Each structure stands twice: as C-alpha cells, then as structure tokens.
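One structure below.
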Amino acid sequence: MNSSTNPNRIYLDHSATTPVHPAVVETMLPFLTQNFGNASSIHSFGQEAKVALEEARRQVASLICAEPSEIVFTSGGTEADNWAIKGTANFFEGSKRHIVISAVEHHAVLDACKYLEKSGFEVTYIVVDRVGRIEPERVAHAIREDTFLVSVMHANNETGTINPIREIGALAQERCVLFHTDAVQTVGKIAIDVKGMNVDLLSLSGHKIYGPKGIGALYIRRGTQIDKMFHGGRHERDRRAGTENVPAAVGLGKVAEICQDRMVKDADKLRELNEELHSKITQRISNVHLNGDQNRRVPGILNLSFDGVENDSLMLSLDLQGIAVSNGSACTSGTVEPSHVLKAMGLPKNLIRSAIRFSLGRDNTADEIDRTVDALKGIVERLRAVRKGKKLFTTEMHG
Ligand code: PLP
C-alpha cells in the first residue's frame with residue numbers, strides 16, 4: 001500500500017509543516033468568499049477586511065508581547081528573514097558593512113548573507129558548541145565598530161536547541177547593534193516576550209503552528225532602522241507594498257490566539273511524548289546518539305543519529321511503513337548535501353549521515369510512539385545487517 005493511501009500513517013515532521021487547525025480554516029473561509037474585500041478599499045467591503053486584518057495583527061502581537069503597530073505581515077519566515085538581513089543592510093550601506101550570524105542559521109538567513117557578501121558586506125559566522133548552542137561571549141567578540149546587525153536564531157530547526165537570546169540581545173543593545181532572531185521554530189511553542197528578549201527584529205511563520213502556508217510576520221521594534229524591500233502601494237503602514245493576504249493573516253491571527261491558550265499544555269504533552277520516544281528508542285536500539293541540547297530544546301523536536309545506517313534509507317523505509325520523519329530541514333531534504341548544522345556542531349561524518357529528526361505534534365499519541373519504535377527497530381536492524389553483509393562481501397572479494 002502506498003503510504004499516501006494508508007489510513008494509519010504517522011506524521012512526525014511537524015517542524016517542516018503542520019495541518020491547519022479546523023477553527024483556523026473556519027475563521028479564514030468567509031474572507032475567501034463573501035468578505036473578500038481589499039483592505040485598502042474605502043467602501044464597506046474593504047473596511048470589513050481592514051478590521052479583520054487589524055484584529056489579526058493584534059492577536060499576533062499579543063503572542064510575542066509586541067505592539068500591533070510593530071507587526072508587519074509577510075509571505076512567511078523566509079521573507080521575514082530576508083527582509084531583516086537585506087533591509088538593514090540597505091539602510092546601513094555606505095556607513096557600516098559587517099553582520100554577525102551563527103553558523104547554524106536557516107538557509108533563509110545564511111543565503112541572504114551570502115548574497116550580501118557578493119556586494120561587499122562582511123559576515124562573521126559564529127561557531128556553536130557540541131549541542132549546537134551559541135555562546136553569547138563569542139557574539140560579543142565578533143562585534144566590530146562597523147557591525148550593524150547580529151542575527152541568531154531562537155531555536156534551531158534541525159536539533160531544537162534553544163539559544164540564550166536574551167543575553168545575546170543585551171550584548172547587541174550595549175554595543176548599539178541591531179538584533180534579529182529567527183523564531184520560526186519557537187513562536188507559538190514557547191513563551192516569547194520581544195521586549196524582555198532585547199530583540200529588534202523577529203521572524204515568525206504560520207504553517208509551523210497549525211496556521212496556513214504563505215503567511216508570516218516580521219516584528220519590527222518601533223524606531224528600528226530598516227529599509228523596505230517591496231515598493232508599490234502604501235500597504236502595511238508603508239512598510240511592505242502589496243495587497244494584504246487577508247484570509248491568511250486572519251488565519252495567522254486565529255492560530256496565534258489558539259497557541260496562546262494552549263501553549264503550556266501542548267508543551268507539557270510534547271515533552272512527555274518526546275521523552276518516551278527517546279527512551280524507548282535507546283532502550284531497544286543500540287548506538288543511538290542525541291544531537292542537540294538534552295535540556296534546552298523546543299518541545300517535540302528529537303534529532304538522533306543511528307550509527308551504521310544512512311538516513312535517506314532509514315527515512316524511505318519508514319515512509320514505506322507510513323511514518324513521516326525528516327533528515328533535518330525541509331529545504332535541504334531531497335538534496336544529498338550533509339547538514340550544515342550537524343557539521344558546525346562538530347559531528348563526525350557517520351553521525352551526520354545517519355541523523356533523523358522526529359518532530360512531534362499535539363495530536364500524536366503514545367500508541368504512535370510505540371508503533372514508530374517497533375518499525376524503527378526492525379528497519380535499523382535490517383539496514384545494519386545489509387551493511388555488514390556488504391562489508392563482508394567486499395572484504396571476501398578483495399581479500
Ligand atoms: N526559519 C526557520 C528556522 C525555519 O525552520 C523555516 C522553515 O523551515 C524558515 C525560516 C522558513 O519559513 P517559511 O517556510 O515560512 O518560509
């Protein structure tokens with residue numbers, strides 16, 4: 001049976017994306033049908049859309065303790081990251097030209113910086129420790145006279161490791177450098193207070209938290225020096241041109257409200273399931289290594305290496321049994337490139353090539369955890385045996 005027709009499929013890839021919450025769909029629907037107005041129009045259709053858009057902005061702001069006027073809707077996390085990096089670079093071009101980022105950032109940050117390097121900007125890539133954490137002192141050392149931006153992700157999408165954002169933000173503030181954090185993997189999952197975290201810019205995305213795809217936001221602290229990226233109409237208080245995606249923004253607002261209500265309960269459940277998955281795997285399968293911080297991790301993310309197994313084969317075999325996991329970020333899966341995150345953590349090649357990310361969601365069950373561990377045990381044993389057989393065959397053939 002093809003896994004897409006298997007009713008008993010198990011989805012353990014919630015850090016890649018999530019299903020849209022039914023209440024979110026319900027909230028969005030009228031804005032795709034009868035309330036279809038353009039939020040910039042002055043007639044009643046437009047004004048209805050505008051009111052809904054502003055309510056969504058308030059809901060998103062409330063989730064991260066910001067002012068509604070500090071939230072600008074974007075097409076997702078990638079746009080928010082690109083804007084934070086390139087928008088500040090454009091603003092400071094000619095006066096400052098140095099950026100500090102971590103070596104384990106998402107490609108939306110990394111590649112935006114690589115792009116800027118081509119036009120004369122300089123980027124320092126901060127190394128991480130063995131669990132993927134960024135030491136604030138390293139950031140402090142990297143800041144120069146001409147640094148205009150520090151960008152360090154709140155939590156890593158492959159390992160779930162949470163960074164000391166408040167401390168890094170305070171250091172940046174002390175040196176009068178802007179601070180951006182990519183919080184795509186944490187917003188809606190753990191409490192965020194942008195003021196308390198000393199953040200000037202923060203990226204978030206809807207589809208990681210049971211909202212729709214193609215919507216996110218950039219938090220821009222009032223007074224932050226940043227250029228706009230899109231030019232055209234005077235939408236979003238003249239900060240981002242383009243007719244607003246009202247249905248998606250309304251969906252993001254609703255999901256922000258839902259997350260605020262159930263964040264603590266969900267996090268408790270996810271930590272419990274995660275712990276169960278981890279302990280059952282290590283009890284039943286040998287040579288398994290945890291990649292990431294044992295204690296400071298996003299609830300629900302578990303990155304493990306199964307020594308002696310190729311992660312591609314492991315993922316495919318699991319998929320054939322209807323179990324969806326990932327080898328890290330959705331953006332790098334499908335390519336053969338080894339994870340830049342695990343590489344930066346100093347993992348040896350065999351552990352990088354055998355790493356799998358499980359990312360649990362609020363609807364996963366203890367039964368699904370048991371079925372996953374059963375399947376994993378069988379697959380890992382088979383793949384290890386095949387590898388051993390291959391090695392034996394090669395040795396016999398070549399003496
Ligand atoms: N940043 C991080 C940490 C992510 O995990 C992702 C998505 O995987 C993104 C940015 C990009 O977000 P989006 O898919 O909304 O463009």
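Residue indices begin at 1 and follow the sequence shown. We count ligands from 1, going down the list as the structure has it; atoms in each ligand are counted the same way. All values reported here derive from a predicted model rather than from experimental measurement.
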Using 0.5 Å steps for rounding, measure from the CD1 atom of Ile126 to the CD atom of Glu137. 11.0 Å

Which atom pairs, one a donor and one an acceptor, fall under 3.5 Å between side chains of residues 74-81 and the rest of the protein, sequence neighbours left out?
residue, atom, partner, partner atom, Å
Thr74, OG1, Gly76, N, 3.2
Thr74, OG1, Gly76, O, 2.9
Thr74, OG1, Ala217, N, 3.3
Ser75, OG, Glu79, OE1, 2.7
Glu79, OE1, Ser75, N, 2.9
Glu79, OE1, Arg240, NH2, 2.8
Glu79, OE2, Arg240, NE, 2.6
Glu79, OE2, Arg240, NH2, 3.4
Asp81, OD1, Ser203, OG, 2.6

Looking only at non-hydrogen atoms, the one of Ser205, Ala155, Ala80 nearest atom 15 (O) of ligand 1 is Ser205

For Glu105, state whether at least one heavy atom is located under 4.0 Å from any atom of ligand 1. no

Run the ring pair (Phe, Tyr, Trp, His ring centres under 6.0 Å) check on Phe36 and Phe31 step by step: do they pass? CA-CA 5 Å; Phe36 57 86; Phe31 295 93; over 10 Å; no

Can a side-chain donor-acceptor contact be found between Thr17 and Lys213 if the only test is distance below 3.5 angstrom? yes

Yes or no: does Glu79 have any heavy atom under 4.0 Å from an atom of ligand 1? no

So for His207 against ligand 1, with non-hydrogen atoms under 4.0 Å, the contacting part is side chain

Is ligand 1 under 4.0 Å from a heavy atom in the side chain of Asp81, in the backbone, in both, or in neither? side chain

Residues 183-192 side chain polar contacts: donor-acceptor under 3.5 Å, at least two apart:
residue, atom, partner, partner atom, Å
Gln185, OE1, Ser15, OG, 3.3
Gln185, OE1, Lys189, NZ, 3.1
Gln185, NE2, Ser15, O, 3.1
Thr186, OG1, His154, ND1, 2.8
Thr186, OG1, Ala183, O, 3.2
Lys189, NZ, Gln185, O, 3.3

In ligand 1, which numbered atoms sit nearer than 4.0 Å to a non-hydrogen atom of Gly76? 15 (O)

For ligand 1, which atoms have a heavy atom of Met153 less than 4.0 angstrom away? 3 (C)

Does Thr78 approach ligand 1 within less than 4.0 angstrom via side chain, backbone, both or neither, non-hydrogen atoms only? both

Any side-chain heavy-atom pair from His235 and Ser40 closer than 4.5 angstrom? yes

